[in-house]
Amino acid sequence: MTGQVAQRSLLKTIDWYLVGAYLLLVLIGWLNIYASEYDPENIRSIFSWEMRSGKQLVWIGTSFLLGMLILFFISPRNLETLSPLLYGVMLFLLVAVIFLGASTRGSHSWFVLGPVSFQPAELSKITTALLLANRMSRYDFRLTHWRDFLLTAAIILLPMLIIVAENETGSALVYLSFLFVLYREGLSGWWLLLLLMVIIVFIFTLVLSPYVALWVTMAVAAVCVCAERMNLRRLFRFYLPLGLLLAFYPLIYRTWLEESFWAFLCPSRVLLAAASVMIVGYWVKAWKEKNSFRMFVAFALVLGLIITRVVPWVFQNVLQDHQRIRIEVLLGMKEDPAGAGYNVRQSMIAIGSGGFWGKGWLQGTQSSYGFVPEQSTDFIFCTIGEQWGFSGCLLTIALYVFLIGRIMVLSEGSREAFTRIYGYSIAGIVLMHLIVNVGMTIGLMPVIGIPLPFLSYGGSSLWSFSIMIFIFVALIRSEKKYFL
Amino acid sequence: MKESVRHIRMMVALAVAALILLGRIFYIQLMDDSYKTDALNNSMAHIPVYPLRGIIYDRNGRILVGNKICYDLLCTPTALEPFDTLLLSRVLEIEPDIIKKKLAEYTSRKSRRKIGYRSVVMFPKLPEETYMRFEEISYRFPGFSGQARSLRQYPYNAGGNLLGYISEVDAAYIKAHPEYKSGDYAGKTGLESSCERLLRGEKGEKIFYRDSRGRIGASYRGGEADKPAVSGMDITTTIDARLQHYGQQLMKNKVGSLVAIEPSTGEILTLVSSPGIDVECLADIGSHYKEIAANPYKPMFNRAVQASYPPGSVFKLVNALIGLQEGVLKPSMLYPCHAGYHFGKSSRLGCHNHRSPINMDEAIMMSCNAYFCYVFKDLIDNPAYGNSEAAFSQWRAYVESFGFGKKLGSDFPSELGGFIPQASYYDRYYGKNAWKAHTILSLSIGQGELGCTPLHLANLCATLANRGYYYIPHLVKGSGQVPLDEKYRERHYTLIDTTHFAKLIPGMFRAVNAGLGSGATAGVAAVGGLEICGKTGTAQNPHGDDHSVFICFAPRDNPKIAVAAYIENGGFGAAWAAPVASLLVEQYLTGGISEERKPLEKRVLEGNLMNKVKTK
């Protein structure tokens, strides 16, 4: 009886759409890893152990085994219960790798055990997602409660900070993708806008100037406050003239004041004073009126003020050269076609030369000849773009969208909060990887060395994404098993 | 239900993110073509295959300019291994210090970055023997390799100036000729320049895959996209290589020009400008350029087509022809000459001592100045024209019809036009209606404001030889691949009736062949049996000794060659120009110099006038 149920359930309870999309992506990855190393002068089989595609085949096989293991031998309930333990073990490994790990390109994030290397940062995303799902699915959890909010933030930020300490800024950045699930679980959209503001102020500070960045922040804050009260009179009578005065103040200062007694009234000081007055004013008023929106605006202003003051300093003194140059190149502040811009330039040439149908598998001239660095790992998308053209890119991205969308739909439909939160977490992670990785190859994002899920060469990455997906498939399956 | 709203928002966000990525991909793959060209440049190495430049033949099929193979020794710093510097130095015959210095330079940190995995030319243009010695033991020198290229080779030391040289194109040249790329060679002067289009051929290319370190890999598509080089077209010149060489020998240590034309075709047989450029220097112009440019005698300057000289007494023939045409002169007319032509109150245009009066034949034979002053006066002060200006304008039109005062249109680049004054020129100088024949009398004997090139004089001689017409002198003969330009097949008649030309020939014949005691000016040019007809000239020159001028053609009937010799500061026409020209004629017509003229030849070959020439 039970055996019959199990057999039926294998076919009926596994979400084959998800698994199908996963298998297709893994296949695409495998073919393109071969293509990216293919050398027309020295042709070796796709199965050859000397080729990365041969090794990847082993990773793919073991990933399938891991998937089976998760699907049939581990109860998802156990994962739920064990999640704090797993999270703790992973934190320990993350710290341990700093001292015990091998150093590759300035970062200490890999354990090397003979022929196998392993990056705990890859797996810690899963344990973080699991613990997050565990905590947030408790019946009394409210994200709007400060205690719960801080706990959530801590669960996410702890591994993130350790990874930053490992010098794997790129991997750490992926943890921002947990905002995705937090939004689903009730995080105010204003926080996302705040993040957007931080990014914009950051860019303005570097590309234009701290003065302009702060001015824009203040202007937006003023507009928001006036708009909330529908107080257009105040906006035009008070803020507009003041804003214009401050906008032209540097000019005024340079023309009349610079060499006079008033020289101490330099523009940055004046703007700082104006911003301080604004912040204090808003805060006092918000306190009196119990207006949380104003409070939020005041907080955003403080954040903007801090960014415009701190970023230039951090940029010059804290960031390493290569990180600084990457950002400068991305923001168009510098041209460096042979240096930091080289990767992106070559990658865009490879993709751009693909046309609609591509040059054909193994027919690439850019990817096969090693113009694009990290061809089979971080820049695997170049090979797809060059050899399969726009059609291949469309198919690949459509598969990702289907996979992520399917996870989101299944999560949304799940009766288990744990499944839903875990599902949205991994949807966010995969989406983040997709945007950052593909965005990097086409010059929309800075060069951040994170892999393209399922496609990039590498055991750690493929294993952890496979485990991530199969845990979700197992969660959905167990649910169907109970409620079918 | 707030949650499901957020679910939909997040699905939309997912779609938007995907669309942004796809939009950007769509743009770079399908809208912006620049990435495709970059990809080609990136991953393909287009190695140019240089064509063999066309060969330049002389009129008898001898090679004037050919090609020879030489080798560049390349060094690939990244492939270097320790080797025996001394052995390499011995093989290449290059000082070991130089080799060491070059290697140190290539392996310095700065250039290592610049060179990368590429090869650099270490020693260009090694001769074949040297390279072959290296090739045999090249296995002992990893990191060194050779690359064949062709150089210009000159079997005859003939015609350095007229052949011209080729050199690597510079930025300015590429700007003017966008079809050239850096590293290409192009003709810069002479025939190499004027026939560049024919000679250069078409560059081919081989396409190879190239990896990101610039290393060349396999042939692209098995070489099916490679383009073979097309050799340049061979051209046959009108030059007679041996005659050109002989002409250069004759002109050695003299400053001036020697031009020979075949009158019946306008083909230039010889075009010597002295001092000229040795062909040895042409092949490797780069290393000799400074030395040539610093030479005070300006060997680069092709006097035969670029120097403007007064024609001297040679020009009397033109005035005689115009006189005959205008009816103011008949061959039988006699004019007196008492040591010159007396005019005005006490002015005289001097002449040498000879019998008087004389007719036109004798005037030509003895080059009497006074005779042609009378002719010129009758021309300019001819009442039929009313005033001097009209008469002069007519005179000028006649002169111009011989090709004087303008570029003849030969295929030689940078030909100079010379100068004949306009009536307005004298108006400006003397005032309107304030001048007449006597004011500009020096024109009658080819002095004064006239300027012409030796090529103009040779062309005049050819016109006389043809009894009234000329073909534009040219250097390129029609041959298989290169047909002769139509303009060189066209007879150019002067404004003088052809019947008048024959009337001058006896005088020119007698100038050479009248024998001793006759007063003939060019007896020195007489060669038994060749019937040379000629006219001497002694062009006054404010900067030093007179220029020695001579034009002649031979034989008298159906002339085969017309020569103009112009020797700066050579004195009388008979002193240097006549011997040079006549020796050239004799060499051309008989293939050698007769015994009795050997002493003359010796005198000419050994004559050195260089110290008479003032250099600035």
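Protein chains get the first letters and strands the later ones, always in sequence-line order, with residue 1 at the start of each. Note that these values count all heavy atoms, side chains included, but never hydrogens, waters or copies made by symmetry.
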Where on [X] is there a heavy atom nearer than 4.5 Å to chain B: the side chain, the backbone, both, or neither?
{"X": "A/Ile442", "value": "both"}
{"X": "A/Phe180", "value": "both"}
{"X": "A/Leu431", "value": "side chain"}

Identify the residues of residues 19-29 of chain B whose heavy atoms come closer than 4.5 Å to a heavy atom of chain A, ordered by number, or report 'none'.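 Within residues 19-29 of chain B, near chain A: B/Ile20, B/Leu21, B/Leu22, B/Arg24, B/Ile25, B/Phe26, B/Ile28, B/Gln29.
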
Taking 4.5 Å as the heavy-atom cut-off, does anything in residues 123-131 of chain B contact chain A, and if so which residues?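 So no residue qualifies.
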
Taking every non-hydrogen atom, the tightest pair across A/Met408 and B/Leu14: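 Taking every non-hydrogen atom into account, SD-CD2, 4.3 Å.
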
Closest approach of B/Ala18 to A/Ile397 (non-hydrogen atoms, all atoms of both residues):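 In terms of heavy atoms, the two residues are closest at CB-CG2, 4.0 Å.
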
Within a radius of less than 6.0 Å around CZ of A/Phe356, do more than 12 heavy atoms belonging to other residues, nucleotides or ligands occur?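 Atom CZ in A/Phe356 is packed in, count exceeds 12.
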
Go through A/Gly358, A/Gly385, A/Gly189, A/Gly389 and name the one with the most non-hydrogen pairs under 4.5 angstrom from chain B.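 Going by pairs under 4.5 Å, I would pick A/Gly389.
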
First locate atom CE of B/Met11, then atom CD of A/Glu412, and finally report the distance between them rounded to the nearest 0.5 Å.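 Taking CE in B/Met11 and CD in A/Glu412, the distance rounds to 9.0 Å.
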
One pair to check against side-chain contact (heavy atoms from CB on, under 4.5 Å): A/Tyr424 and B/Arg6. What are the steps and the verdict? CA-CA 12 Å; A/Tyr424 271 102; B/Arg6 291 204 160 185; over 6 Å; no

